[in-house]
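All residue numbers refer to positions in the sequence shown, counting from 1.
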Amino acid sequence: MPPSLKPRDEPAPQAVDTEIVRAAIHPAIGIARMGNSEEFFVGPEVVRPHPAPPGSSRDATGALKRQAARFRLYGYNAAGQVVRELTPDSADIQWKVHVANSKARWFQWQMALDIPEAANLQIPLRNASVQGEARDQLVVDGGERSIRGVRSTGREYRFEGHFQGTPVYLGELRTDARGRLLFLGGLGHSASPTGTPIFRPEDGNSFINADGWFDDASDGPVSAEVSIAGHPIPVEPAWVVTAPPNYAPDVVTVRTLYDLLFDLYVRSGWLPFPEQVSFQREVHPILRSMSNLQWVNQGFATQFGKGGPHDFEDPELLRRLSWLPLDGGADVFAELRLQVLHAFRDPAGTDSSQRPWPWLYGDAMDVPPANTPRQNASLSATQYRILQDWAAGHFTPDWDPSQEPARELEHVPLAGQPALLDRAALHFCLADAFHPGCEVTWPLRHLSLFSSPFRIRHRPPGVPAPTYEGFLTQALALSEDGPVHAQGPGDLTRWMGLPWQADTAYCRSGYSTTTYSDDPYLPTFWPARVPNQVLTAEAYAVVTDQRRSHQERVSAFTQRSNWVRALKGTVAEQMEQMVATFGQMGVVELRPGLPGDVDFPAVMGVEAKEWTEAPAAPLAPTTARTARQGLHEQNVRKAGWGSPEEAERAPLPVRHRR
């Protein structure tokens, strides 16, 4: 099996036979991200890259840079071993890419159609009043573009289509100094050429289903024609997805898109479960992700952040969690491991409460909470099995905090580079909640979508895309003739919110704001990509100013600000503000903390914003409210809403006609 199919972190064999018989593009699924700047940076190619320098996410004007997806070609011998990376120095290479956006012609988003709660749903078309051949004008098709050579750039490599006659730019191709492919996505532009509303309060299902609107997300196949010494060789193609910006680029969620797909392949027999669970490689990343979320959600900061009861970055706690007796002595930390395991939600269980970790909403989230285990998220079955082995003492106690991860792909042996590229691209994507999600959504968890691990099954050229009319049901979506099989341009992103800014503006935390006992910070949707509460630059300045009192600094560190605090007004007004100002929203950057300080971490995630903050509106006079009403109003504002009235008007993430 080629290195891209190897289990995580298993060393790949070095090639002895150097005759290249085929090639493959890596990453198998590349992720580009929008930004309102013409400038860009290359997306992560390892799972622990160097943190980006503060300010590097924006250009000189303050605009948000795009994230480019970079693709590389690797040559393999007959045994499936990597021989070398292929570049124009060693092969003739012509890259081909075709992307499209078909959101407006697809069905509305209401719920993941592969869960029991969706069994009776009938999902209508977006823009249902547009009928017949006119529906073709709802698709923004960038067409196929080809590129070759090194440092190639130009207008001929741009993806430009039309939405009902309005020109729409979806991105462009370039090549770098080694001839590797660079795909740049859209500029985050969303609009309604006819001025239709972005949200209609009288229709709850108009939330992220705005008729008459387009955005510039896209996806599609990436392929290449390759010949070596005049002899063509077959190439395994890839896929590219243009997703919304990543507003917390160094934060990794608990169950990544890579974790979801690895679990899919393990359960399907495509990939093996690790022969021996490693604390360093398999267990610690799960635990660390809980503490990693402290920079984007106050609830996670309180429990898993610096000084919290479960600070999984605390050296002493990690020493105990990773310890095993090597001489047959007593396993003194077995109960501690077991309690940590049982704090996580069992993915095979039926608990619908929000108490078990990871405190993230699930695919069937509803308000008030639904009595379903899918109200809240869980680890994947494979992640949970890893923790079960660990809790039982069946793991390698190989924790080494001094071990430095590979920070750049060039520091990784050639044989391991393809698999790492496949992993890194998905490591910074979300699997929870698929409601619908940030980058892609629920069809990705179906094996029928893939030709091999991590490779999307391509619809053959010339084969027309299946068309569906009327309503989309679970039975149709999951049928042999349904849409969860071979894919074409625009097929992955069509399921996502339209426009994407409406979803980003309103998928927040602490939704149960109508009672007085709710946690205003938990559960939460997508904090690793769309923060909830953040440490502001102003608070960071106080924390790191050692001339100030200890109490003042601790208070500044523990009190976080709402990431969406710049959005004001009605639901539709806030969504439209997000459309106009998404490039100004804060980006959480890693900055130096206070090494060796017992109260503050050595590295801190700090919000860098591009707007002037208005003072918060004062609470109504105390005499006009009961104590319980006052507490409720405070909790509502902590959760990110301007007032209880605004919270009540907010679109619920789900509201279905069943």
Side-chain angles (χ1 to χ4, degrees), residues 2-6 12-32 40-46 49 66-99 144-154 156-158 171-185 220-240 406-425 454-455:
S4 61
L5 310 191
K6 286 286 181 183
Q14 297 295 318
V16 177
D17 175 8
T18 59
E19 181 180 357
I20 295 174
V21 299
R22 65 178 181 86
I25 302 172
H26 297 274
I29 302 174
I31 305 296
F40 67 93
F41 61 92
V42 175
E45 296 184 312
V46 294
R66 290 178 285 176
Q67 174 180 302
R70 178 158 60 188
F71 294 90
R72 305 176 186 230
L73 269 164
Y74 288 85
Y76 293 84
N77 64 19
Q81 298 170 319
V82 183
V83 175
R84 64 175 179 270
E85 182 181 355
L86 299 178
T87 67
D89 292 337
S90 57
D92 182 68
I93 301 169
Q94 182 178 34
W95 299 94
K96 294 184 177 182
V97 182
H98 185 174
V99 296
E144 184 179 78
R145 297 289 181 271
S146 299
I147 193 170
R148 63 169 65 241
V150 299
R151 295 191 178 92
S152 299
T153 183
E156 65 269 30
Y157 306 127
R158 293 167 61 96
E172 61 190 84
L173 300 181
R174 299 185 184 186
T175 59
D176 68 9
R178 295 290 307 281
R180 299 158 180 150
L181 177 67
L182 293 170
F183 175 87
L184 280 65
V222 178
S223 60
E225 293 181 356
V226 178
S227 61
I228 299 176
H231 300 287
I233 60 172
V235 179
E236 289 184 78
W239 206 268
V240 69
R407 299 293 192 177
E408 299 176 14
L409 189 69
E410 284 67 27
H411 297 163
V412 177
L414 175 67
Q417 290 180 11
L420 185 55
L421 284 168
D422 291 347
R423 181 179 184 180
F454 308 107
R455 295 206 179 271

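- In terms of the ring-ring contact (aromatic ring centres under 6.0 Å, His included) criterion, F71 has no residue partners (sequence neighbours excluded).
- Between P44 and P49, the closest heavy-atom pair is CB-CG, 4.5 Å.
- For the atom pair CZ (R174) and CZ (R70), the distance works out to 13.5 Å, reported to the nearest 0.5 Å.
- For the atom pair CG of D422 and CD1 of I29, the computed distance is 8.5 Å after rounding to the nearest 0.5 Å.
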Could you go step by step and tell me if Q67 and F41 meet the side-chain contact (heavy atoms from CB on, under 4.5 Å) rule? CA-CA 5 Å; Q67 174 180 302; F41 61 92; 3.6 Å; yes
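- Taking all atoms of both residues into account, the shortest heavy-atom contact from R22 to I233 is C-CD1, 4.0 Å.
- Expressed to the nearest 0.5 Å, how far CD1 of I147 lies from OG1 of T153 amounts to 7.0 Å.
- E19 is linked by a side-chain hydrogen bond (donor to acceptor under 3.5 Å, both in side chains) to nothing, counting only residues two or more places apart in sequence or in another chain.
- The shortest distance between side-chain heavy atoms of R72 and L409 falls below 4.5 Å.
- The heavy-atom pair separating A406 from V412 by the smallest distance is CB-CG2, 3.6 Å.
- Between A78 and D17, the closest heavy-atom pair is N-OD2, 4.4 Å.
- Taken to the nearest 0.5 Å, the CZ atom of R148 stands 4.5 Å off from the CG atom of D92.
- For the pair R145 and Y157, the cation-pi test (distance below 6.0 Å, angle within 45°) is failed.
- Here the CZ-CG distance, from R158 to L184, works out to 10.5 Å after rounding to the nearest 0.5 Å.
- Listed here is the closest heavy atom pair of V83 and L414: O-CD2, 3.3 Å.
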Test V42 against D176 for side-chain contact (heavy atoms from CB on, under 4.5 Å), laying out the working first. CA-CA 11 Å; V42 175; D176 68 9; over 6 Å; no
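- For W239, the ring-ring contact (aromatic ring centres under 6.0 Å, His included) partners two or more places apart in sequence, or in a different chain, are H458.
- Taking 4.5 Å as the limit, every side-chain heavy atom of Y76 sits out of range of all side-chain heavy atoms of I20.
- The pair R180-E85 meets the salt-bridge criterion, since a charged nitrogen lies less than 4.0 angstrom from a carboxylate oxygen.
- Aromatic ring pairs are classed by plane angle as parallel below 30°, tilted from 30° to 60° and perpendicular above 60°; the pair Y74 and H26 is perpendicular.
- The OG1 atom of T18 lies 11.0 Å from the CD atom of Q81; values are rounded to the nearest 0.5 Å.
- Heavy-atom minimum distance, L86 versus I93: O-CD1, 3.7 Å.
- Contact of the V97 side chain with the F183 side chain is registered, since non-hydrogen atoms from C-beta on lie closer than 4.5 Å.
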